[in-house]
Amino acid sequence: VQLQASGGGLVQAGGSLRLSCAASGRTFSSYAMGWFRQAPGKEREFVATISWNGGSTYYGDFVKGRFTISRDNAKNTVYLQMKSLKPEDTAVYYCAAGGMPAGYHRAYDSWGQGTQVTVSS
């Protein structure tokens, strides 16, 4: 599956953004989907994951209710709604597809190109 992330941009602290990840192929609904992020000089960090049918979601500890992952299998798209953004959320955000929802990047086989999120203070 090929993935294309979009929706990043520059936002002030406290603002919101919604990231989208569009997938190609007819098997999107069979994949668990995840979002990760990577800030300069830091390791890739787990943000959120969702099961194939949306029935299960998991989040990184830092999210604390600010982000929501969702998917629309009819549109082959997964979303990450981000609210109450902080400067420390600044990073490149990547979407990924894998066999099961997981919080580690090795569980995912396909990755999008990433979209930059910058939160100004």
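Not measured: the values here are computed from a predicted model. Quick note: numbers below take in every heavy atom, side chains included, and nothing from hydrogens, waters or symmetry partners. Quick note: residue numbers are just sequence positions, from 1.
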I want to check something: taking the side chain as every heavy atom from C-beta on, are Leu10 and Ser120 in contact at a cut-off of under 4.5 Å? yes

Donor-acceptor pair, Thr115 side chain versus Ser6 backbone, under 3.5 Å? no

Distance from Trp52 atom CH2 to Ser30 atom OG, nearest 0.5 Å? 9.5 Å

Could you walk me through whether Leu19 and Val117 satisfy the side-chain contact (heavy atoms from CB on, under 4.5 Å) test, starting with their C-alpha distance in whole Å, then the side-chain angles of each, then the deciding distance to 0.1 Å, before giving a yes or no? CA-CA 9 Å; Leu19 306 183; Val117 172; 4.0 Å; yes

What residues form a ring-ring contact (aromatic ring centres under 6.0 Å, His included) with Phe36, not counting sequence neighbours? Phe46, Tyr108, Trp111

Please report the shortest heavy-atom distance between Pro87 and Ala13, naming the atom on each side. CD-CB, 4.1 Å

Output all residues satisfying side chain to side chain donor-acceptor pair (under 3.5 Å) with Glu45, sequence neighbours left out; order by chain, then residue number. Arg37

Pairs touching residues 71-82 that satisfy side-chain hydrogen bond (donor to acceptor under 3.5 Å, both in side chains), sequence neighbours left out: Arg71-Asn73

Ala32: side chain to side chain contact (heavy atoms under 4.5 Å, CB included) partners, not counting sequence neighbours: Pro101

Test: disulfide bond (SG atoms under 2.5 Å apart). Region: residues 31-96. Which pairs qualify, not counting sequence neighbours? Cys21-Cys95

Among residues at least two apart in sequence or on other chains, which ones pass side chain to side chain contact (heavy atoms under 4.5 Å, CB included) with Gln2? Ser24

Partners passing side chain to side chain contact (heavy atoms under 4.5 Å, CB included) against Ser110 (at least two apart in sequence or in another chain): Val1, Leu3, Ala97

Sequence-distant partners of Ser51, side chain to side chain donor-acceptor pair (under 3.5 Å), two or more places apart: Asn53

Pairs satisfying side-chain hydrogen bond (donor to acceptor under 3.5 Å, both in side chains), at least one member in residues 58-68, at least two apart: Arg66-Asp89

Would you say Thr49 and Thr57 make side-chain contact, with heavy atoms under 4.5 Å? no

Look up atom CD1 in Ile50 and atom OG in Ser56, then write down how far apart they are to the nearest 0.5 Å. 9.0 Å

Per the ring-ring contact (aromatic ring centres under 6.0 Å, His included) rule, what does the pair list look like for residues 84-105, sequence neighbours excluded? none

Taking the hydrophobic residues Ile, Leu, Val, Met, Phe, Trp and Tyr, and joining any pair whose side-chain heavy atoms are under 4.5 Å apart, which ones share a cluster with Met100? none

Hey, what do you get for CG (Leu80) to CZ (Phe67), rounding to the nearest 0.5 Å? 6.5 Å

Are Val63 and Val92 linked, directly or through intermediate hydrophobic residues, by side-chain heavy-atom contacts shorter than 4.5 Å (ILVMFWY only)? no

With sequence neighbours excluded, what pairs up with Gln113 under the side chain to side chain contact (heavy atoms under 4.5 Å, CB included) test? Gln4, Ala5

Between the side chain of Thr118 and the main-chain N/O of Thr90, is any donor-acceptor distance below 3.5 Å? no

Closest non-hydrogen atom pair, Leu17 against Leu85: N-CD1, 3.9 Å

